[in-house]
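Below is one structure, written out as structure tokens; comments come after it.
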Amino acid sequence: MTGQPLSSALLAQPDLPWAALDPPPVLIPLGMTPVSAGFPSPAEDYADRRLDINDYLVRNPVSTFFFTVRGNSMQDADIDDGDILVVDRSIEPAHGHIVVAFVNGERLVKRLHRQRNTVALLAANPAYPPLELRDGNALEIWGVVVGKFKRIPA
Amino acid sequence: MHTSTPTVALVDCNNFYASCEKLFAPKLASRPVVVLSNNDGCVVARSAEAKALGIAMGVPWFKIAEQALQHGVVALSSNYALYADMSNRVVDVLSGFTPELEVYSIDESFLNLSGFAHLDLAAYGQQIRQRVARWVGLPVCVGIAPTKTLAKLANHFAKKRPIFDGVCHLDRLDETTRKQLFSETAVNEVWGVGGRITARLAELGIETVEVLRTADPEWIRQHFSVVLERTVRELNGTACLALETIAPPKKQIMASRSFGSAVFHLIELREAIAHHISRAAEKLRAQGAEAGAVTVMIRTNPFKPTDPQYQRSVTVPLAHPTADTLELVETAAAVLKRIYRPGLAYHKAGVMLSELQPAGARQCDLFDHPTQDARRHATMQAMDAINQKWGRGTLRAAAAGRAQGWQMRRERLSPAYTTSWAELPIALAR
């Protein structure tokens with residue numbers, strides 16, 4: 001590693017994205033309290049960043065996209081009509097993942113079944129039959145669902 | 001520490017606008033797609049299928065619409081919200097591959113790869129392609145070379161020649177192959193060699209990259225310019241153009257647009273001009289500058305030769321350089337009144353702010369009002385802050401009007417898939 005800039009040393013590791021090595025940006029509360037002659041706030045040393053829902057739901061912002069769900073075929077997987085899906089393209093789709101897939105000109109949300117030689121897209125609702133994929137069905141796994149959210153009327 | 005040879009990569013998105021559209025619309029998968037310029041005027045991007053149909057870049061849509069639609073061509077308006085977000089995502093991915101990057105345009109970035117010589121750079125280029133394709137969903141090509149001009153050219157080879165599989169590392173090619181590529185490529189493919197220079201070079205028998213590369217740089221400077229001399233040196237591997245990682249401040253700021261439908265009245269033109277001034281002045285303040293001159297331009301539609309034609313553009317210097325929207329609007333409105341001719345169908349209006357200088361650099365004179373200036377400055381700051389928070393145009397000069405019927409026509413606009421909650425793509429659960 002000697003004589004090599006740190007950055008390129010890190011980059012030289014093939015599948016370790018730079019993004020994963022950097023900690024997320026932290027907003028430092030600079031000058032939160034003005035200098036004053038009185039007592040400083042006793043809470044000042046505990047100043048911390050407020051929770052941001054993005055940190056909870058989004059692992060990789062550049063590869064994350066949102067989709068709105070329409071329909072109830074995924075209800076047993078806790079995915080309901082109107083939910084907003086968090087879809088991450090940087091995750092390698094695997095057997096059992098819930099995915100957004102483009103099939104025959106449509107965007108679908110399904111569970112990916114991939115074992116031995118069969119590839120199928122499964123619903124999470126007994127009313128919907130599995131979609132078995134044979135040659136001739138244009139299938140593109142667009143991204144992997146890693147979360148969902150919704151608003152509740154109040 | 002040893003000095004390493006400079007290495008630059010140019011990463012360019014393939015058919016960027018069309019690729020963005022296809023990414024979210026599975027129905028467009030294998031269909032020819034074109035994207036149209038402002039007001040759905042000309043073709044500015046074509047998918048591979050559209051190129052295969054022979055649709056030319058820049059052709060006015062109305063000229064080919066009928067035939068194109070028969071071939072199943074899908075034409076879309078420019079969806080700037082989508083393209084800007086996707087462009088930023090690509091840049092974010094690319095910045096993971098280099099500590100130094102120049103965003104050259106919405107779909108091109110230069111990456112400094114000097115000091116990466118211990119890596120197999122062609123493989124590194126493939127990694128870049130794969131990661132952008134996986135993470136962002138867009139196809140890119142990579143050209144790698146010792147100079148920016150050569151990297152551009154390498155990118156052209158990567159794009160046009162399937163043998164490179166999307167990545168061309170120029171220095172890894174043997175001398176004969178490189179010479180052959182250069183001999184088969186016309187000079188106008190070289191960065192910065194435009195139509196006029198191409199024609200003049202042709203008169204002197206310089207038609208291919210290889211002939212230009214082997215020309216005497218001194219002779220080129222005498223017969224053309226220092227700029228073209230630099231190009232020749234860059235083609236020979238001597239880096240003359242540095243990576244511009246910070247965009248230099250603009251020398252002029254332009255804002256202009258064609259109208260959605262023809263505009264006849266002075267009052268509507270004045271609204272359009274005030275709107276453009278507002279946008280330009282916002283940019284001016286964002287770069288901490290003041291303008292010393294204002295240009296106003298109006299014209300009728302040159303594509304309608306049967307209509308009476310008129311075009312006029314007038315530049316006026318300002319007594320004091322300013323970044324004040326209200327002052328600039330006032331000046332521009334006065335200029336407009338001078339050049340406006342009634343009874344014509346106006347098609348386009350625009351403004352340019354020029355003679356830019358850093359704000360506050362000027363000296364006071366007899367006619368200055370320092371306190372009034374400070375108040376105006378505060379007003380402008382508040383206006384920019386509000387517009388940034390609540391959306392462009394929330395606060396504007398009254399002269400910019402309210403109706404804005406002259407706004408852009410974008411009848412074939414796809415949803416803002418990634419920037420509007422109301423327009424997210426739908427995933428069907430059925």
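Chain identifiers are assigned alphabetically (A, B, ...) following the order of the sequence lines, protein sequences preceding nucleic acid strands; residue numbering begins at 1 within each chain.
- Atom-to-atom distance recorded for B:Asp92:CG and A:Asn60:CG is 9.5 Å, nearest 0.5 angstrom.
- The number of heavy atoms from other shown groups lying within 6.0 Å of CD (A:Glu106) is above 12.
- Using a 4.5 Å cut-off on side-chain heavy atoms (C-beta onward), B:Trp421 and A:Ile84 make contact.
- Heavy atoms of A:Glu140 lying under 4.5 Å from chain B are absent altogether.
- The number of heavy atoms from other shown groups lying within 6.0 Å of CZ (A:Phe149) is above 12.
- Contact of A:Ile91 with chain B is made through the backbone alone, with heavy-atom distances under 4.5 Å.
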After noting the C-alpha distance and the side-chain angles of A:Glu92 and B:Arg134, does the key distance pass the salt bridge (charged side-chain N to carboxylate O under 4.0 Å, His left out) rule? CA-CA 9 Å; A:Glu92 184 73 49; B:Arg134 269 274 297 284; 3.3 Å; yes

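- Only the side chain of A:Tyr128 comes within less than 4.5 Å of a heavy atom of chain B; its backbone N, CA, C and O stay farther away.
- Checking side-chain atoms of A:Lys110 against main-chain N and O of B:Arg430 turns up a donor-acceptor pair under 3.5 Å.
- Checked by atom type and distance alone, the side chain of A:Arg70 never pairs as donor or acceptor with a backbone atom of B:Leu428 at under 3.5 Å.
- If you measure heavy-atom distances from B:Ala133 to chain A, the contacts under 4.5 Å come from the backbone alone.
- Cation-pi geometry between A:Arg107 and B:Phe24 is not satisfied (NZ or CZ under 6.0 Å from the ring centre, within 45° of the ring normal).
- Side chain of A:Ser73 to main chain of B:Ala429: a donor-acceptor pair is present (N/O by atom type, distance under 3.5 Å, no hydrogens or angles).
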